[in-house]
Structures are given as structure tokens and as C-alpha cells.
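Letters go in sequence order (proteins before strands), and every chain restarts at 1.
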Amino acid sequence: MSNIRAIRGMNDILPDETPYWQFLEQSVQRVLASYGYGEMRLPVVEQTELFKRSIGEVTDIVEKEMYTFNDRNDVSLTLRPEGTAGCVRAVIQQGMLNVPQRLWYAGPMFRYERPQKGRQRQFHQVGVESFGIATPDMDAEIILISARLWRQLGIDDSVQLQLNSIGSSVARTAYRAALVEYLEQHAAVLDQDSQRRLHSNPLRILDSKNPDTQALLDGAPALADYLDEESRADFARLCELLDAAGVPYVVNPRLVRGLDYYNKTVFEWVTDRLGAQGTVCAGGRYDGLVAQLGGKATPGVGFAMGMERLILLLIELGVVAGTSSVADVYVVAVGDEAQRTALATVEKLRDQLPDLDIVQHAGGGSFKSQMKKADKSGARAALIWGEDEVAAQVVSVKPLRDTGGDGERALQQTVPAEKLQETLCAVLAG
RNA sequence: GUGGCCGUAGCUCAUCAGGUAGAGCACCGGAUUGUGACUCCGGAGGUGGCGGGUUCAAGACCCGUCGGCCACCCCA
């Protein structure tokens, strides 16, 4: 057993789970297309510099969670830890910013963290980004998309929208100073982590899980009081639009986000069904990012959702992801002659019924063992070619499951090849 | 990076004052000649994560290491 194993935190997704993935991916495609969003396919590797400049030098992601290495030309590359940076890079590089853009992408992201429930080192996100619209109607659109997707997936009762505005960077700087001043007076009460953050990233203290710290924050200056006029107005308008559209939300004045590029609107969709990693989707506005990465100043809003977490939720809630049994039909063929006939006939059948899933028995074996395989495949019917069938130039169609609810099983039928399609369809139709 | 729990057949787990391993499921074969499911019978499959230590003897005890799960940190 000292074989090669998968890298820690990088999981194989097996056929018993892929139906959930397909269900999620199809839902995502449908919903985003219905809002006029175009799909991007982006590289998994980018220059390290891109992430440093967008996510922020002092964030945990950049400081300790990136998979970074040098290529053969000694250029520092990084496996993308999130999608927005690469999307922005592409949109600048491809000259797409003359007009507003509505875009989305999906794929693997990489972060060197300790794996736990709902978190792995290779994980998958769907990202949705909108460029070129600065007004809060676009924030609302972005949120409506996510809300519709939850409905589509059947998990809308289990997720809650939390909303906040973190204002302009000027407003945030002023607030940060006030917050630090307050907290320094009570530094003794602060937990270790928060003390550390006091100077590196004080805003993050706001969403600390430590109850004592939270209690201390009750007396702290409020971010909302420091917001600039425009942020305040935009946030009010966003709330108004969400109210009108009937999307419930909770304003969480202590919601900030970890990535440096956000301003104004930030939001998270959270659930209490997944243990500690309850954020299933998160995003916000990033009006400065495009310019920061060298493009012409262009506002943006977007969000990312964690596919593993959504799938955990689908499983947890027992949302059925469309039953996908291995096959509709299993083909039994005993002997060389039978196998030859079966193979050729079944190919024709696939031409006629391309939506039917047909498994052809392979590997030989007795009649009995092939029948066992047919049963275990979950197929609803078996097609049987044995010596008798070959000699008589016919094929047997045998139902394997109860069709009605009455426990009655239809009888096996033996028909010439020309009648196969018709007979099989009749049997499958019950 | 920190902490807790865990590591025995493909899967879920057991046994025992420490004396060189077992069940269920799954898999393969059989129960009168060509028919699955239920039942019965049989079979294959484990250097007990790896390395070291204690002992006459270790899967069981100790140490280390690797891996898993959950939580902290952080984040989707």
C-alpha cells in the first residue's frame, strides 16, 4: 500500500457523485444564460504577480496559501487561488472593456490550507463577474442571479443572504483608524488572533468568532457611520431593489471580506447545515481592481460560489440530482457467433435510439454470470443472444424490473431483429 | 501553522492479561444441461499505514513519522 496517493486535499470525484456535479453545472449554465452572461475559459496558472497585486500582499491567501513555483525560465507562477484576478487580467488583455461585460467561468482553484469539511486544497468555484456598470442595479442583478440559482437547485430554504457596505477606500481608511484606536484601548481583552490583526488587517476583527471580542465590538465605532455619501445611497438603493424583487436579506454590519479589492457592496450566502464552513457563495463590488491591474478604470461586481460546499448541501438536504442508473439495457451474448451478431445489431440500435444507455457485456462468462451482471447493472431490460437465438435469427428481450406498482413482471419476448426496436421500446415503456 | 479524535480485507467494523487475525456487505464459483433478484454451499482477498522501541512474544503498550476526519486560523 505504499503506492502513490493523491495529493492531500485534492480529491477524486467518483461516478456516485458526478451526477450532483452535472446537476449543479447544468443549473448554473441555464441560469446564467438566462441573464445573458457569457462563459469564459481561463488558465489555471497565472503569473504570481497578478495575485499579489489583486488579492493583496498581506492577505493569508497571498502570504501562505498559494501554490507558487518557478517555471523553466525562472518566472514565478501560481496556481490560481481564486478566479476574479485572472478574469480581470483576461478582460484587460483581450480589450473587452469598451462595453459592459457580463461573464462567468467555472473551474478548479488551489489553496494550500489544512483540509476540513467543505474545504480542500483543490476546490471548484463558479465565478460571475460584471464589468462597466457602477450603479447598484447591477449589484442587485448579481444577487438576483445567485438567489435564482438556489431556487433552481432547491436549496433556497437553507441559505441566508448577508449584506453590508464597506464604502469607499477613503471611508474605510478613516474607519480603520477609529476602530484601531478603540481596540487599542481594550487590547488586553482582545484574543490573540485579533491582537495580531490589529495592525495587519483590523477590519477582519469585526467578523471574529470569539464571543468576548464580539462583545467588545458592541461598543466600537460602527462602519456604517463612516460611510461616504455615495456608498450610503447606493446601499440604500440596493436594499430597495432587493425588497422590490422579494429577496430576503440580513444586513450584517460586521461583514467585511478578506480580499483587499472590495469596496461598497459585499455579501455572503451562508448556511448552518455544513459545519464550520458555512459560506456557500460570496462576493461584492470591486471598482478599483481593473485600474489597479493596469486597465482603464472600470467598475466591477461579482461573486464566487464554492461548488463542493453546494454539493455537500445538495446531499445533506437530500436534493435528488436526477437518477442516473448505469444503463437502461444490458446485452447478454454467449458464444462467438452470438457476440458478433449482438455487437452489430446493438450498434444499429444505438443509431435508432441514441438516448438509450446500452451496456454490452464484455469479457465472456457463462450465461448465468452474464445474467447476474445484467441484473446488477440496474438495467431495466436485457437483450439476450444465445445459441438458440442465433440459430433462429432472433433476439430475446427480457424485462428485469417491475414495471407497474403491482409486482407483475412482463414476460420475456423473442423476436426477429427487425422487430427489436419496437419490442424493446414497448418493454421499456412498461 | 495549532489542537482533538482516528488509521485492521475493496467498504463498514470486531476480537484480545500482549501469544503470530475475524464478521457483514461487495467480489468470484456452484446448487441437473440457456435465464438475474431471495436462499443455501464454497472460494479468493490483509507484510493490522510506515519506522523504531519495550517484551520470550505486539495489530494490540511507548516514541516518531505519514495519512484521514473535525475544529482554530483563513476562506468558496
Roughly how far apart, to the nearest Å, are [N] and [M] at atom [atom1]?
N	M	atom1	result
B:U15	B:A58	C1'	15 Å
B:U12	B:U35	C1'	33 Å
B:U20	B:C63	C1'	23 Å
B:A76	B:C16	P	50 Å
B:U33	B:C11	C1'	38 Å
B:G67	B:C40	P	44 Å
B:G18	B:C61	P	9 Å
B:C6	B:C25	C1'	23 Å

Please confirm whether any donor atom in the side chain of [X] sits under 3.5 Å from an acceptor in the base of [N], or the reverse.
X	N	value
A:Lys368	B:U35	no
A:Glu389	B:G34	yes
A:Gln412	B:U35	yes

Which part of the nucleic acid does [X] contact within heavy-atom distance under 4.0 Å: base, sugar-phosphate only, or nothing?
X	result
A:Gln120	base
A:Glu82	nothing
A:Lys209	base
A:Gly118	base

**OP:** State whether A:Lys373 places a side-chain N or O below 4.0 Å from either non-bridging phosphate oxygen (OP1 or OP2) of B:C28.
**Re:** yes

Original post:
Is the cationic atom of A:Arg121 (NZ for Lys, CZ for Arg) positioned less than 6.0 Å from the six-membered ring centroid of A:Tyr112 and within 45 degrees of its normal?
Top reply: yes

**OP:** Choose from B:A76, B:G36, B:C72 the nucleotide whose nearest atom is closest to any side-chain atom of A:Ala304.
**Re:** B:A76

